[in-house]
Participant: 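Please see the structure below; I have some questions.
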Amino acid sequence: MDELKILSWNVNGLRTRFKGGYLKQVFELNLDILCFQEVKSTEDQIPKKLKEIEGYHSYFCPSKILKGYAGVAIYSKNKPKTIEKSFSNSDYENEGRILKADYGDFILFNIYFPSGAGSKEKLERKFNFYKYFLDEMKNLSEIGKNVLICGDFNIAHNEIDLVNPARAAKNPGFLKEERAFLNKLINSGYTDTFRMFNGDPENYTWWPYGHNCREKNVGMRLDHFFVSESLKETVKSAYILSDIEGSDHCPIGVDMVL
DNA sequence: CGTAGTACG
């Protein structure tokens, strides 16, 4: 019976959140694993006192394509057996979007999904990313692996997960293809942990900067924590920490007993 | 508009 507490947060700049004292707030929660997205730093740009937080091992997957863009990180009390920066069926290690940590008892994915806003090419790349992701998750669940997936999906799943669904349906974040992708993940045996415990609207994890959107709670639930069927009953709670500010996203998390 | 570096969400 091991407790496992994991948090996921799109920090929108790890160094800026560190300087502002916001990172301290999540490290003080004394969790086992913290997953960050949009780190926006190469490893050499991260100061030592940020890289080496007492009690944690840290792992980074920065973008090698565009400096100051994307990037994911994992801070973990226990050392994973292996760390990978792509799916096993594809080659995404330069993108700064994936950290796959195999702890033996379970595999944790920390993912910054493409937003795909803008060009048609970016949308295509995004759907490709979905394909490789789903392929990997299906393979792992079929061989009975315990899988956790957290991160910024850049997708609101259902109408309950955003403010104006009719208007949003034309925009990346709530396209029918994106929503269908999450349905496919669920059909592959994965569960949205937040909805195991909370069926209410107005639970968001992202708000646009400006226009007092956050104060008015005009946002979307874009960050998710999925678990494989094999882990579903180990999830004791799933939460959104909307009081933790700084980024345009707020942290989410799960408490489990493995 | 913020983050980071001149694009991207």
Side-chain angles (χ1 to χ4, degrees), chain A residues 8-26 34-47 49-51 60-73 75 92 94-98 110-130 133 150-157 161-165 167-175 177-179 181-182 204-224 240-252:
Chain A
S8 169
W9 188 16
N10 180 326
V11 290
N12 192 11
L14 191 71
R15 287 170 289 168
T16 304
R17 294 292 87 79
F18 184 55
K19 284 179 200 157
Y22 296 101
L23 271 191
K24 195 165 174 264
Q25 294 181 34
V26 291
L34 298 108
C35 296
F36 300 120
Q37 304 89 38
E38 290 209 75
V39 167
K40 296 191 174 182
S41 319
T42 55
E43 233 179 299
D44 58 291
Q45 289 176 312
I46 299 171
K49 62 181 184 211
L50 171 53
K51 210 171 191 175
F60 299 89
C61 175
S63 168
K64 290 181 182 168
I65 299 161
L66 202 55
K67 226 178 152 180
Y69 173 72
V72 290
Y75 286 74
Y92 278 112
N94 294 330
E95 302 252 343
R97 296 190 180 278
I98 303 164
N110 172 21
I111 303 185
Y112 174 53
F113 283 82
S115 96
S119 66
K120 209 166 189 175
E121 288 72 22
K122 280 181 188 161
L123 265 183
E124 283 303 314
R125 285 172 64 83
K126 172 161 75 171
F127 295 144
N128 244 5
F129 191 95
Y130 292 167
F133 169 84
C150 69
D152 176 6
F153 283 69
N154 271 310
I155 306 171
H157 186 204
D161 296 314
L162 75 171
V163 170
N164 192 334
R167 206 169 79 176
K170 291 174 190 152
N171 303 324
F174 199 57
L175 300 173
E177 296 91 340
E178 297 171 318
R179 302 175 63 193
F181 158 66
L182 288 186
Y204 307 132
T205 65
W206 171 86
W207 306 262
Y209 279 128
H211 303 287
N212 294 318
C213 287
R214 189 146 178 178
E215 290 83 344
K216 291 187 282 190
N217 201 24
V218 176
M220 299 170 83
R221 195 170 70 93
L222 301 180
D223 302 83
H224 305 290
I240 295 174
L241 299 179
S242 50
D243 288 340
I244 293 187
E245 299 185 331
S247 172
D248 49 349
H249 294 251
C250 76
I252 62 168

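Within every chain, numbering begins at 1; the chains are lettered A, B, ... in the order of the sequence lines, protein sequences first and strands thereafter.
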Participant: My understanding is that only residues two or more places apart in sequence, or in another chain, count here; which of them pass ring pair (Phe, Tyr, Trp, His ring centres under 6.0 Å) with Y209(A)?
Facilitator: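 By the ring pair (Phe, Tyr, Trp, His ring centres under 6.0 Å) rule, Y209(A) matches no residue at all.
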Participant: Is any side-chain heavy atom of L14(A) less than 4.5 Å from a side-chain heavy atom of F60(A)?
Facilitator: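 When only atoms from C-beta onward are counted, F60(A) and L14(A) do touch, with a gap below 4.5 Å.
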Participant: Take atom CD of E215(A) and atom P of dC1(B), then tell me their distance rounded to the nearest Å.
Facilitator: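 Going from E215(A) (CD) to dC1(B) (P), I get 15 Å.
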Participant: From the set dG5(B), dG9(B), dT3(B), return the single nucleotide nearest to any side-chain atom of K67(A).
Facilitator: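 Of the candidates, dG5(B) comes closest.
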Participant: Distance check needed: dG2(B) P versus R15(A) CZ, whole Å only.
Facilitator: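 Going from R15(A) (CZ) to dG2(B) (P), I get 18 Å.
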Participant: Parallel, tilted or perpendicular, judged at 30° and 60°: which one describes the rings of Y130(A) and F181(A)?
Facilitator: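 Parallel: the ring planes of Y130(A) and F181(A) meet at under 30°.
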Participant: Rounded to the nearest Å, what distance is computed from the CD atom of residue E95(A) to the P atom of nucleotide dC8(B)?
Facilitator: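 Atom CD in E95(A) sits about 13 Å away from atom P in dC8(B).
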Participant: In the structure I gave you, are the side-chain heavy atoms of V72(A) and R97(A) within less than 4.5 Å of one another anywhere?
Facilitator: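 No; the side chains remain at least 4.5 Å from each other.
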Participant: Look at R17(A) and dG2(B) and indicate whether a side-chain polar atom (N or O) is within less than 4.0 Å of OP1 or OP2.
Facilitator: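 For dG2(B), neither OP1 nor OP2 has a side-chain N or O of R17(A) closer than 4.0 Å.
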Participant: Quick one: H249(A) NE2 to dT3(B) P, roughly how many Å, whole number?
Facilitator: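 To the nearest whole Å, that distance equals 13 Å.
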Participant: Tell me the salt bridge (Lys or Arg N to Asp or Glu O under 4.0 Å) pairs involving residues 205-224 of chain A, sequence neighbours left out?
Facilitator: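 Residue pairs passing salt bridge (Lys or Arg N to Asp or Glu O under 4.0 Å), neighbours aside: D161(A)-R221(A), D192(A)-R221(A).
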Participant: How long is the line joining CD of E178(A) and C1' of dG9(B), in whole Å?
Facilitator: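 Nearest whole value for this atom pair: 13 Å.
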Participant: So which nucleotide from dT3(B), dG9(B), dG5(B) ends up closest to the side chain of K122(A)?
Facilitator: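 So the side chain of K122(A) is nearest to dG9(B).
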Participant: Does any part of the side chain of E177(A), heavy atoms only, come nearer than 4.5 Å to the side chain of F127(A), both counted from C-beta?
Facilitator: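 F127(A) reaches E177(A) side chain to side chain.
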Participant: Whole angstrom is fine here: how far is it from CG in L23(A) over to P in dT3(B)?
Facilitator: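 So the CG-P distance, L23(A) to dT3(B), works out to 13 Å.
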Participant: Which whole-number value in Å describes the distance from Y209(A) OH to dG2(B) P?
Facilitator: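 The answer, rounded to whole Å, is 8 Å.
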Participant: Select from L14(A) and P114(A) the residue whose nearest nucleotide in DNA chain B is closer to the 5' end of that strand.
Facilitator: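 Taking each residue's closest nucleotide, the earlier one in sequence belongs to L14(A).
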Participant: Looking at Y69(A), I'd like to know whether one of its side-chain N or O atoms comes within less than 4.0 Å of OP1 or OP2 on dG9(B).
Facilitator: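 Answer yes for this pair, as a side-chain N or O of Y69(A) is under 4.0 Å from OP1 or OP2.
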Participant: Taking the inter-plane angle between the rings of F153(A) and F113(A) on a 0 to 90° scale, is it parallel (under 30°), tilted (30 to 60°) or perpendicular (over 60°)?
Facilitator: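 Correct class here is parallel.
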Participant: Which residues, if any, of residues 37-46 of chain A bring a heavy atom under 4.0 Å of DNA chain B?
Facilitator: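 Here the set is K40(A), Q45(A).
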Participant: Provide, to the nearest angstrom, the distance between the OH atom belonging to Y112(A) and the C1' atom belonging to dC8(B).
Facilitator: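 It works out to 8 Å between those atoms.
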